2 protein chains.
Amino acid sequence: MSKQAGLLPVIDLTADTPCCPPLAQSPVPAQTAAVLAPAFKALGDPVRLRLMSMIASAKSGEACVCDLTPAFDLTGPTISHHLKTLREAGLVDAERRGTWVYYRARPAILRQLAGLLSVEPAAVA
Amino acid sequence: MSKQAGLLPVIDLTADTPCCPPLAQSPVPAQTAAVLAPAFKALGDPVRLRLMSMIASAKSGEACVCDLTPAFDLTGPTISHHLKTLREAGLVDAERRGTWVYYRARPAILRQLAGLLSVEPAAVA
DNA sequence: CGTCTGTCTTGACGTTCGTCGAATCAGAGA
DNA sequence: TCTCTGATTCGACGAACGTCAAGACAGACG
């Protein structure tokens with residue numbers, strides 16, 4: 001059981017977490033914070049934020065590493081490392097097809113994070 | 001000019017940034033990523049995520065450090081350090097009134113982050 | 001003025017992070 | 001099979017992080 005385990009995400013809060021109420025509505029429980037914080041942490045690096053966006057906004061729904069890498073002044077291994085971080089945070093999925101590896105966003109998690117951050121639009125002065 | 005400078009936020013992307021399109025719609029520009037990533041990074045620690053939530057969900061709109069600290073198994077200085085991180089990320093404001101210091105959320109930034117993460121609700125299978 | 005309480009700052013510690021070069025793995029094709 | 005290309009893993013380095021104890025600062029109250 002080690003076929004391509006390295007390419008699979010480690011966390012799958014996608015299914016488990018009951019899509020918690022907004023952060024500004026009730027205090028986030030410690031356990032929920034422990035699960036969700038790593039996702040924010042993964043987005044807390046400019047390179048990963050751009051990678052995430054490039055993947056999520058790709059027209060075909062997926063992005064090839066070969067298209068991602070040249071967009072940065074960083075070496076291949078470094079980009080690969082950041083992609084692994086996004087993978088382990090459950091934000092993206094990876095699939096190898098032939099020579100190339102394609103990354104795909106997991107919209108469920110993005111929605112969950114966005115929901116946590118959401119605030120009533122007309123609640124402020 | 002050093003009255004309580006330490007209590008003021010350092011970044012104020014609140015006003016400057018034109019509340020960018022969703023991350024999944026178009027690639028986030030490098031400059032935008034550089035500005036926004038620190039905010040996600042600040043939320044990338046379980047303690048800070050809970051602090052942020054406790055502050056943002058406080059009934060009176062603000063939370064006293066004296067109420068925040070006892071909710072964690074951490075020393076005062078450590079909590080203070082995390083609050084400073086949230087402050088420097090532009091996520092909260094601090095104000096001293098007499099003996100106590102009160103923290104208050106900045107909804108504009110939360111909305112901005114939530115907007116960046118937003119995805120069309122019915123775009124997936 | 002002195003003291004007490006609450007909060008922040010400083011200095012230090014071990015750990016984790018971001019980056020690279022070198023080595024390795026996975027397929028494609030001659 | 002051998003080689004070539006694309007992507008990941010490994011090992012190492014300096015920088016940044018999370019935490020604490022000790023000290024400094026700000027107000028309140030005698």
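Both backbone and side-chain heavy atoms feed into the values below; hydrogens, waters and symmetry mates do not. Lettering follows sequence order; numbering is per chain, from 1. This one's a predicted model, so the numbers in the text were calculated from it and none came from an experiment.
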- Residue whose nearest DNA chain C nucleotide is more 5′ - A:Gly76 or B:Gly76: B:Gly76
- Task: Output the distance between atom CG (B:Leu116) and atom CD (B:Gln25), rounded to the nearest 0.5 Å.
- Result: 10.5 Å
- Message: Can you pull out every side chain to side chain donor-acceptor pair (under 3.5 Å) where at least one residue sits in residues 51-65 of chain B? Sequence neighbours excluded, please.
- Response: B:Glu62-B:Arg97, B:Glu62-B:Arg104
- Give the rounded distance in Å between these two atoms: CG of A:Leu83 and P of D:dA7. 10 Å
- In whole Å, what is the span from the NE2 atom of B:His81 to the P atom of D:dC17? 8 Å
- Task: Taking all non-hydrogen atoms of both residues into account, name the closest pair between B:Val92 and B:Leu83 and its distance.
- Result: CG2-O, 4.4 Å
- A:Ile79 CD1 to D:dA7 C1', in whole Å, measures 12 Å
- CE on B:Met52 to CZ on B:Arg106, rounded to 0.5 Å: 10.0 Å
- Touch check for B:Thr78, heavy atoms < 4.0 angstrom, all strands: base, sugar-phosphate only, or nothing? base
- Which nucleotide in the list C:dT9, D:dG6, D:dA16 gets nearest to the side chain of A:Arg96? D:dG6
- Query: Under 4.0 angstrom, heavy atoms only, what part of the nucleic acid is B:Gly98 near: base, sugar-phosphate, or nothing?
  - Reply: sugar-phosphate
- Length of the line joining A:Tyr102:OH and D:dT8:C1', which is rounded to integer Å: 17 Å
- Query: A:Cys66 side chain: which of D:dG6, C:dC8, C:dT16 is closest?
  - Reply: D:dG6
- Message: With a 4.0 Å cutoff (strictly under), does any side-chain N or O of B:Tyr103 reach OP1 or OP2 of C:dC8?
- Response: yes
- Query: Just checking B:His82: base, sugar-phosphate only, or nothing, at a heavy-atom cut-off of under 4.0 Å?
  - Reply: sugar-phosphate
- Message: Regarding B:Leu74, tell me which of base, sugar-phosphate or nothing describes its non-hydrogen contacts under 4.0 Å with the strands shown.
- Response: sugar-phosphate
- Here the distance between atom C1' of D:dC25 and atom CH2 of B:Trp100, to the nearest Å, is 17 Å
- Task: Name the closest nucleotide to the A:Ser80 side chain, picking from D:dG6, D:dA16, D:dT8.
- Result: D:dT8
- Item | Donor-acceptor contact present, side-chain A:Ser118 to main-chain A:Gly115, <3.5 Å | yes
- Item | Integer-rounded Å distance: C:dT9 C1' and B:Lys84 NZ | 7 Å
- In residues 45-52 of chain A, what residues come within less than 4.0 Å of DNA chain C, judged by heavy atoms? A:Asp45, A:Arg48
- Message: Is the phosphate of D:dA16 approached by B:Lys41 (side-chain N or O, under 4.0 Å from OP1 or OP2)?
- Response: no
- Answer yes or no: is there a donor N or O on one side and an acceptor on the other, between the side chain of A:Arg48 and the main chain of A:Ala42, under 3.5 Å? yes
- Item | B:Thr75 side chain near D:dC20 phosphate (N/O to OP1/OP2, under 4.0 Å) | yes
- Task: Send over the distance from B:Phe72 CZ to D:dC20 C1', rounded to a whole Å.
- Result: 17 Å
- Note on the structure: In whole angstroms, the gap separating P of C:dC20 from CG of A:Asp73 amounts to 9 Å
- From C:dC8, C:dT9, D:dT9, nucleotide with atom closest to A:Pro77 side chain: D:dT9
- Task: Hey, could you give me the CG/CZ distance between A:Asp93 and A:Arg87, rounded to the nearest 0.5 Å?
- Result: 9.5 Å
- Query: Sub-3.5 Å donor-acceptor pair from the side chain of B:Ser26 to the main-chain atoms of B:Pro22, do we have one?
  - Reply: no
